[in-house]
Protein chains: 4
Amino acid sequence: MASQAKEKQIVRAAEELFNSRRFHEVTMEDVCRAAGVGKGTIYRYFKDKEELFLRVATSGSEELCDVVRRKCAEGLPFEERLVGILIEIHQAKRRRGLVRLLMRSDDARVGRLKGALHSHFEDRRSALISAITQIFDEAIREGKVRTDVPPELLAGSLLGMFHGYSWHAETQFQREEGLQFLDLFLRGAGARTASAQEVRP
Amino acid sequence: MASQAKEKQIVRAAEELFNSRRFHEVTMEDVCRAAGVGKGTIYRYFKDKEELFLRVATSGSEELCDVVRRKCAEGLPFEERLVGILIEIHQAKRRRGLVRLLMRSDDARVGRLKGALHSHFEDRRSALISAITQIFDEAIREGKVRTDVPPELLAGSLLGMFHGYSWHAETQFQREEGLQFLDLFLRGAGARTASAQEVRP
Amino acid sequence: MASQAKEKQIVRAAEELFNSRRFHEVTMEDVCRAAGVGKGTIYRYFKDKEELFLRVATSGSEELCDVVRRKCAEGLPFEERLVGILIEIHQAKRRRGLVRLLMRSDDARVGRLKGALHSHFEDRRSALISAITQIFDEAIREGKVRTDVPPELLAGSLLGMFHGYSWHAETQFQREEGLQFLDLFLRGAGARTASAQEVRP
Amino acid sequence: MASQAKEKQIVRAAEELFNSRRFHEVTMEDVCRAAGVGKGTIYRYFKDKEELFLRVATSGSEELCDVVRRKCAEGLPFEERLVGILIEIHQAKRRRGLVRLLMRSDDARVGRLKGALHSHFEDRRSALISAITQIFDEAIREGKVRTDVPPELLAGSLLGMFHGYSWHAETQFQREEGLQFLDLFLRGAGARTASAQEVRP
DNA sequence: CATGAATGAGCGTTCATTCAT
DNA sequence: CATGAATGAACGCTCATTCAT
C-alpha cells in the first residue's frame, strides 16, 4: 500500500527536523514542505503534531530495540555482544537524535506522554535495558561479572557510562573503541595494583 | 536592591514550570501568575521567553558548579570528595530538573542555544567536568586511578554512569549508596578473580 | 436511471444532517458517509455544498407545495381544505425541519441565496402563499371571509398564526385541533358578545 | 470601565455581520475589522466564535424583553399596550435581525445552544410570551377576550400572526397599521354577518 | 517602575474540492 | 462513473510582546 510509504516519508522528514530544532520551533508547514506532501496529508496519518512527534521518537527506538535484541541472541562471547550493541546504539544516536530520549527517559518530555503511548515508550526503554540485562544475567552465571550489583543496575550503568564516554568520541565508534570502553566498564577506573595486574596476563 | 529579589522570584516560578512542562506548554502568563508579578515585569528582567528559559537552565547549573568546586577544594580523600559531589548532583537533579541538561548537553536543545548564551551554558558543563577532572588528575598523581584513560574521559564516564545508576535510586542517595556506586566505577563490573580479591584486603 | 436514485439518496442523508446541525457543522464527509457514497460522487450531482444545502431546502418545500396545491383543488368547503393544508404543513415541519424556511423566508439565510436559486426558492414560498390565497379568494367570493384585508395578507397571517399556535402542540395536530385553530383564526381572539354569539347557532 | 464599552463595540459589529451573513460566512477577522479592535481582543471577551454569536443573539432579545415588559406595565387599555408592543417588536426586527430567533425558537440553531445559555435564551422567549400572556390574562378578566383558548396560546398566536402579517409591511409599522392588524386578530378573518356587525357599532 | 489590556503575527487544524486510479 | 487520498486555502485561536496608564 502506498500509504505506508507516505507515512514513512513524513516520519523521516519530521525526524530530521525534530532532531535539529525544538518541538515548538518545528512547524507543520516545515514538516510538510520537507516531506514534499500537502499540509492536510499529514493529518491523514497523525492526529496532531504531538502524535507525529511521538511517532518519530518511538519509531527510532523501536528499530534500535530490534537490532539490539538480535545482537543479544547471537552466540558470541558476552563482551563481543556488548560491543556490538554499543556500536549500534552509537550509530542510532547519530542517525536519529531522538533515540537519545531512550537513554534518559527521565526527561520531562517523556514523563508527560499520555496514556498508552507513554507506556509504549517506556516499554522501549525497558526493552533495551532488559535485553542488556539478559546478557549480564548470563555473564553472571558464567562468573564473568560481579554478583553484588543487580544486573539491571549494571545495564543502566553501562548505558549511562557509555553516554558520557562516547560524548568525546562523536566521530566514529568501532570495535576497537568499544573494547577500550568495555575495559573501563569491566575493570573499573581504579588503578591496577601489581598483583591484580598479574591476574590478567 | 529589590529587583534582585524580583528576578529570583521569577526564575524560581519559571523553574518549577519548565520542569514539569515543555517550553511551548509554559506560557508567560503561567510564569507571571506563578511568580505573582505583572506580565510586563518579566520583560524588564528578561529579553524574551528564550532568555528566561536559558536563565533558568543556567542558574541551576551555576549553583551546582559552585557547590561542586567547593567540594573539590576540600582536603578529603578523592573518593570522599567524589561521593560528596555525586550527592550534590543527585539533589540538584531532584530539585531542579533542568540541571539534567548539564549532564547531557549534547541535547538538541542545548545545541541550538544562540551565541554567547550557548557558550556560557557549555561553560557550565565544562566547569563541572573539569572540576571532576581535577580530582582525577590528583588521583592519577597519587596512583589511585588508571592512567590509560584521559582524566576528562573518566569524568564524563563517571557522570554518565552515575546518571544511569541513579536512575533506579530515585528516592535518596546518601554516602552509603555513593560508596557502592563508586566501588562499581573504580573496580569495574568485572568479576574479581581470587588473587585480585586478595589485593584489596 | 440509477442517478436519480443516488441523488435522492444524497439529498435524504443531507436533509437529516442539516436538520440537526448547522450548515458549517455538517461536513461533506458526514454527508457522503451517511449517504453511503464516495466523496467525489456528491460533486457529480451538486456543484458545491451550498447547492446541496439549497436543494435540500427546496426539495422539501417542493413536495409540500405539491401536496398543498392538490388539497386546494379538492372540492371541499374552504374550512376543510385549510385544515387539510395545515395538517400537511405540520407534518412536513416535523419531518423536514427545513420546510420551516418556507414559513419565514425573511430569514437572513434565504435572503442571501444567489441568483436563480434564490428566486426559485422564493417561488416556493409564493407558491404556498398563493395556493392558500386562492382559497381565500374563493371564500371571499362566497362571503365567508372579510373583504377589508387582502387575501394574500390573510394567507400570510394564517401561516404565521399557525406557526405560533402549533408551537405549543408539538406532538400531533389533527382535524380536531385544526378546527379549533381555524375557529380562532376566523372568529378572532376577541370575546363574543351575547348577540354576536347568537348569530352562529 | 472601558472594557464594557469595548465589549459593546464588538457585539455591535458582530450583530451587523451576523444579520447579513451566515454564521460560517462571518470570519473573526471580519468582526475584529468591523469592530476596530485587534483579533486577540475579541477573545478577551468571548471564549470563542460560538459564544460571541450567542451573545449577539441574546443581547438583542434582552433589550426587547425589557421594553416589552415596560409596555405591559403601562396603565393603558390592553389594545393600546399590544399595539405598542408590536411596534417595538417590529422595530427590533428591523434593527436586529437576530431578534427573529425569538419568534421562532424552534430553529435548529437555537435547539442546539448548550446548557445554561440555551435555557437563558429560552427564558427570553418565555419572557416575551409571558409578558403578553399577562395582558391577555387581564383582558380575559375584563371580558374582552375569548376564554376558550389559553392566554399563552393567544400570545403565541398573536406573535405568529404578526410575523406573517408584517411580512408584507416591511417598511414601517405604526399605530394605525397596528390597529388594523389587531382588528384582524381580535375579530378574526371570518366575514361579519349582518347581526354580528350590528353588535359593534 | 509595575501593570495588564490590547495587539497581530503566526500556528495548528479543518474540510471543500480535485483528480488519478 | 465512482472513489477516496491528496491538497492547500482559509479559518479560529494562541500567546509573546508592547505600551498607555
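Note: hydrogens, waters and symmetry copies are ignored here, and every other heavy atom, side chains too, is used. Below, chain A is the first sequence line, B the second, and so on; all start at residue 1.
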**Student:** For B:Glu29, which residues count as a side-chain hydrogen bond (donor to acceptor under 3.5 Å, both in side chains) partner, sequence neighbours excluded?
**Tutor:**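 In terms of side-chain hydrogen bond (donor to acceptor under 3.5 Å, both in side chains), with neighbours along the sequence ignored, B:Glu29 is linked to B:Lys39.
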**Student:** Taking CD from D:Glu29 and C1' from E:dT7, how many angstroms apart are they, rounded to a whole number?
**Tutor:**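 To the nearest whole Å, that distance equals 13 Å.
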**Student:** Tell me the interatomic distance from C:Lys47, atom NZ, to E:dT18, atom C1', rounded to whole angstroms.
**Tutor:**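 Between C1' of E:dT18 and NZ of C:Lys47: 15 Å.
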**Student:** Reckon B:Arg44 has a side-chain N or O less than 4.0 Å from the OP1 or OP2 of E:dC1?
**Tutor:**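 No.
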**Student:** Calculate the interatomic distance between C:Asp48 atom CG and E:dA16 atom P; express it in whole Å.
**Tutor:**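 Atom CG in C:Asp48 sits about 11 Å away from atom P in E:dA16.
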**Student:** So, OP1 or OP2 of F:dG12: does either fall under 4.0 Å of a side-chain N or O from D:Lys49?
**Tutor:**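 Looking at the OP1 and OP2 atoms of F:dG12, one of them is under 4.0 Å from a side-chain N or O of D:Lys49.
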**Student:** Go through the N and O atoms of the side chain of D:Lys39 and the base of E:dG10, and report whether any donor-acceptor pair is under 3.5 Å.
**Tutor:**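 Such a pair is found, so the answer is yes.
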**Student:** Assess D:Lys6 against D:Tyr45: is NZ or CZ under 6.0 Å from the centre of the six-membered ring, and within 45 degrees of the ring's axis?
**Tutor:**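 No, D:Lys6 does not sit over the ring of D:Tyr45.
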**Student:** Is any side-chain N or O of D:Lys6 closer than 4.0 Å to OP1 or OP2 of E:dA6?
**Tutor:**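 For E:dA6, OP1/OP2 do have a side-chain N/O of D:Lys6 under 4.0 Å.
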**Student:** Roughly how many Å is it from CD in C:Gln9 to C1' in F:dC1, rounded to a whole number?
**Tutor:**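 After rounding, the gap between these two atoms is 15 Å.
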**Student:** As a test of your reading of the structure, name each stem of DNA chain F as range with range, where a stem is three or more consecutive Watson-Crick or G-U pairs at under 3.5 Å.
**Tutor:**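 So far as stems of 3 or more pairs are concerned, DNA chain F shows E:2-21 with F:2-21.
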**Student:** Quick one: is F:dC15 close enough that its OP1 or OP2 comes under 4.0 Å of any side-chain N or O from D:Tyr43?
**Tutor:**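 So the side-chain polar atoms of D:Tyr43 never come under 4.0 Å of the phosphate oxygens OP1 or OP2 of F:dC15.
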**Student:** With a non-hydrogen cut-off below 4.0 angstrom, is B:Thr27 in contact with a base, only sugar-phosphate, or nothing?
**Tutor:**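 It contacts sugar-phosphate atoms only.
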**Student:** So what does C:Val31 touch, heavy atoms closer than 4.0 Å: a base, only the sugar-phosphate, or nothing?
**Tutor:**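 No contact at all - C:Val31 keeps every heavy atom at 4.0 Å or more from the nucleic acid.
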**Student:** Please state how far atom CE in D:Met28 lies from atom C1' in F:dT14, giving the value in whole angstrom units.
**Tutor:**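 Taking atom C1' of F:dT14 as the reference, CE of D:Met28 is at 13 Å.
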**Student:** Going through the checks in order, is the ring pair (Phe, Tyr, Trp, His ring centres under 6.0 Å) test met by B:Phe23 and B:Phe53?
**Tutor:** CA-CA 8 Å; B:Phe23 183 84; B:Phe53 176 77; 5.3 Å; yes
**Student:** Give a yes or no on this: more than 12 heavy atoms of other residues, nucleotides or ligands lie within 6.0 Å of atom CD of D:Gln9.
**Tutor:**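 Counting other residues, nucleotides and ligands, CD of D:Gln9 exceeds 12 neighbours.
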